[in-house]
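Please read the structure below before turning to the comments.
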Amino acid sequence: MKETSKEIQEQKQYIQKIKDIIKNENKTYSILTMGCQQNENDSEKICGMIEEMGYIKAENQNDVDLAVVNTCCIRENAEERLFGKLGELKHLKEEKGIIIAIGGCMMQEEHITKKIKQSYPFVDMLFGTHTLHKFPEDLYKVLDEKRKLIDIIDIDGKVYEGLPIKRDSNVKASVTIMSGCNNFCSYCIVPYVRGRERSRMPKDIIEEIQQIAKQGYKEITLLGQNVNSYLRVEREKNIEFEEYKGINSFATLLREINKIEGIERIRFISPHPKDFTDDVIDAIAECEKVCKLVHLPLQSGSTNVLNAMNRKYTKEQYLNLVEKMKAKIPNLTLSTDIIVGFAGETEQDFEDTLDVVKKVEFEQVYMFIYSRRIGTPGDKMENQIPEEIKHERFNRLKELVESQISKNNQKYIGTIQKVLVEGKSKNNEKMLTGRTDSNKVVIFEGNSNLKDKIIDLKIVSEHMWYLKGEVDG
Ligand code: 5AD
Ligand code: SF4
């Protein structure tokens with residue numbers, strides 16, 4: 001038996017032990033997920049483990065026996081949120097003696113764990129990104145030995161298979177294909193908190209997706225900090241890996257997933273423009289289930305800033321890649337991430353970003369104000385941009401993006417779109433909500449038995465962040 005499988009077997013024994021401790025006690029838990037889809041996927045695994053122990057998800061966040069926070073550290077506002085939450089949890093600890101466990105990316109940052117130990121000593125358990133699979137053992141020690149526990153390691157985690165998982169949706173599932181990042185973009189904390197790139201084995205991924213398809217899931221999103229370098233480290237360093245059905249790259253993985261019966265939509269986030277090879281473009285074009293919306297993080301449109309960010313492509317190379325993709329992939333739409341106000345960004349650099357946005361006409365732009373992260377090269381750069389200039393540029397970018405989105409939305413009006421129905425709209429109970437292939441939200445009136453189905457809708461109007469549709473025919 002592989003060493004990692006043995007470790008998971010051990011954790012399953014701890015799950016059983018906790019089950020025995022809390023049985024018949026109707027214990028409840030809550031989880032606050034603060035980060036990206038990778039972080040959400042980790043939370044689904046934490047929930048899977050906790051529910052197997054016998055805890056029930058609480059309806060009321062203020063009445064729980066176990067409170068878990070899964071943190072993110074990509075930008076500064078996540079820190080404020082965590083410390084705000086810890087203030088709330090302190091009262092629950094004092095009043096009801098609940099157990100508090102804090103995990104995730106922020107726990108890999110020493111200055112944060114130090115602060116928690118000093119200022120929030122009531123927290124019972126801290127766990128990092130590389131020790132997530134040991135959650136049952138750690139919680140058992142907290143429960144049985146009534147002690148506080150810190151389980152954070154710095155070295156790169158291994159790939160663990162077979163953890164229980166409790167997915168948030170019945171129709172859309174995220175599947176991690178690789179973890180970690182080797183790119184070291186100079187603004188980014190991820191390589192420090194998630195470690196080096198490592199890929200899951202093709203057979204494990206395919207078998208997981210086959211199982212998900214059998215359970216009725218229709219859409220999957222492949223996750224990784226750098227999805228299109230799937231198995232790259234293994235190939236480049238001649239590290240032996242088990243090939244399965246000819247899968248030895250991201251493109252071959254997409255092609256094989258495309259064959260899995262029951263799966264109707266395949267998405268992936270996030271690829272890196274520098275690794276967007278022709279075989280991946282061909283696979284997207286030729287695999288009918290791969291959605292024709294591709295997320296292609298730009299970060300900046302200025303070659304100077306891209307250089308300072310260590311992104312390894314120029315403005316022209318990005319635009320050429322977009323042209324090539326548009327030529328090869330019919331009906332391609334693109335979304336992107338942009339950081340405004342990175343160190344050294346001049347007015348001219350910012351204009352270059354606006355220029356790329358004008359040229360590409362993205363379907364969606366996720367905009368971020370640069371946030372200095374301790375330990376990254378960007379934080380040590382001297383030419384930081386004053387906050388008011390960052391905000392002023394952010395607003396100008398937002399204005400441009402919004403004008404483009406409302407113009408772009410017009411092209412949907414009168415068209416028939418395939419929409420995966422997710423359920424009732426949060427803002428209007430009488431309406432249903434779903435998403436197009438291009439990930440646009442569509443709101444429409446319909447029977448609730450349409451939930452989890454892919455149906456044709458005629459688009460009748462646009463409202464910036466969503467479209468309105470009608471059941472066709
Ligand atoms: N400041 C602002 N935005 C950031 N991102 C990553 N690091 C930072 C940072 N320090 C953005 C990038 C990335 C997205 C997930 O978050 O645009 O693609
Ligand atoms: Fe996700 Fe990065 Fe935030 Fe971690 S730090 S939760 S990997 S966005």
Side-chain angles (χ1 to χ4, degrees), residues 33-42 71-81 104-106 108-109 111-112 129 174 176 178-194 197 221-229 267-276 293-302 305-306 308-313 318 334-345 349-350 353 356-357 360 362-381 383-387 389-391 393-395 397-398 401 439:
T33 305
M34 300 175 79
C36 63
Q37 290 202 35
Q38 190 82 52
N39 186 249
E40 284 172 12
N41 191 241
D42 284 348
T71 63
C72 164
C73 57
I74 197 104
R75 284 172 292 274
E76 195 179 353
N77 51 6
E79 281 166 29
E80 289 153 22
R81 257 186 96 197
C105 290
M106 223 190 273
Q108 298 295 141
E109 294 184 291
H111 67 281
I112 298 282
T129 53
S174 302
T176 298
M178 51 101 63
S179 316
C181 181
N182 290 358
N183 287 332
F184 291 92
C185 299
S186 52
Y187 51 81
C188 190
I189 191 79
V190 169
Y192 307 91
V193 297
R194 290 264 175 188
E197 275 179 31
T221 302
L222 306 175
L223 296 181
Q225 264 82 35
N226 212 9
V227 278
N228 52 348
S229 58
R267 303 187 190 277
F268 53 86
I269 46 166
S270 283
H272 194 302
K274 79 173 164 56
D275 298 315
F276 224 105
L293 166 80
V294 174
H295 187 67
L296 193 65
L298 169 67
Q299 312 301 4
S300 168
S302 149
V305 174
L306 287 168
M309 286 176 163
N310 193 29
R311 290 290 289 174
K312 302 196 173 79
Y313 52 88
Y318 186 92
L334 291 160
S335 61
T336 200
D337 291 342
I338 293 176
I339 298 176
V340 173
F342 184 66
E345 183 188 76
D349 291 325
F350 177 64
T353 298
V356 175
V357 172
V360 178
F362 294 102
E363 191 74 24
Q364 182 65 269
V365 181
Y366 301 92
M367 296 167 272
F368 308 104
I369 291 177
Y370 174 54
S371 169
R372 294 171 71 171
R373 305 285 68 210
I374 295 173
T376 61
D379 184 44
K380 296 184 192 89
M381 293 179 183
N383 41 5
Q384 301 292 332
I385 305 298
E387 287 302 315
I389 296 183
K390 287 188 196 172
H391 280 88
R393 288 182 186 160
F394 181 86
N395 290 338
L397 175 63
K398 188 161 165 268
V401 166
N439 217 21

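We count ligands from 1, going down the list as the structure has it; atoms in each ligand are counted the same way.
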Quick one: do the [X] and [Y] side chains pair a donor with an acceptor below 3.5 Å?
X: Ser174; Y: Asn41; value: no
X: Gln299; Y: Tyr187; value: yes
X: Thr221; Y: Gln37; value: no

Heavy atom to atom 11 (C) of ligand 1, shortest distance: which of Lys390, Arg372, Arg75 holds it?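 Comparing heavy atoms across Lys390, Arg372, Arg75, the nearest one to atom 11 (C) of ligand 1 lies in Arg75.
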Considering only heavy atoms of Ile369, which atoms of ligand 1 have at least one such atom less than 4.0 Å away? 1 (N), 2 (C)
Can you list the ligand 1 atoms lying under 4.0 Å from a non-hydrogen atom of Gln299?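 So the answer, numbered in order with elements, is 12 (C), 13 (C), 17 (O), 18 (O).
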Which one holds for [X] and ligand 1: side chain close, backbone close, both close, or neither close, with close meaning a heavy atom under 4.0 Å?
X: Phe368; answer: side chain
X: Val190; answer: neither
X: Ile339; answer: side chain

N/O separation below 3.5 Å, Arg373 to ligand 1: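 No, there is no polar N/O contact under 3.5 Å.
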Do any N/O atoms on Asp337 end up under 3.5 angstrom from N/O atoms on ligand 1? yes
Does the ring center of Phe394 lie less than 6.0 Å from the ring center of Phe368?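 No: the rings miss the under 6.0 Å criterion.
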Given the rule in the side chain to side chain donor-acceptor pair (under 3.5 Å) test, do Asn439 and Gln364 qualify, once you have shown the distances and angles that lead to the verdict? CA-CA 9 Å; Asn439 217 21; Gln364 182 65 269; over 6 Å; no
Any ion pair linking Arg373 and Glu79 (charged N to carboxylate O, less than 4.0 Å)?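 Arg373 and Glu79: salt-bridged.
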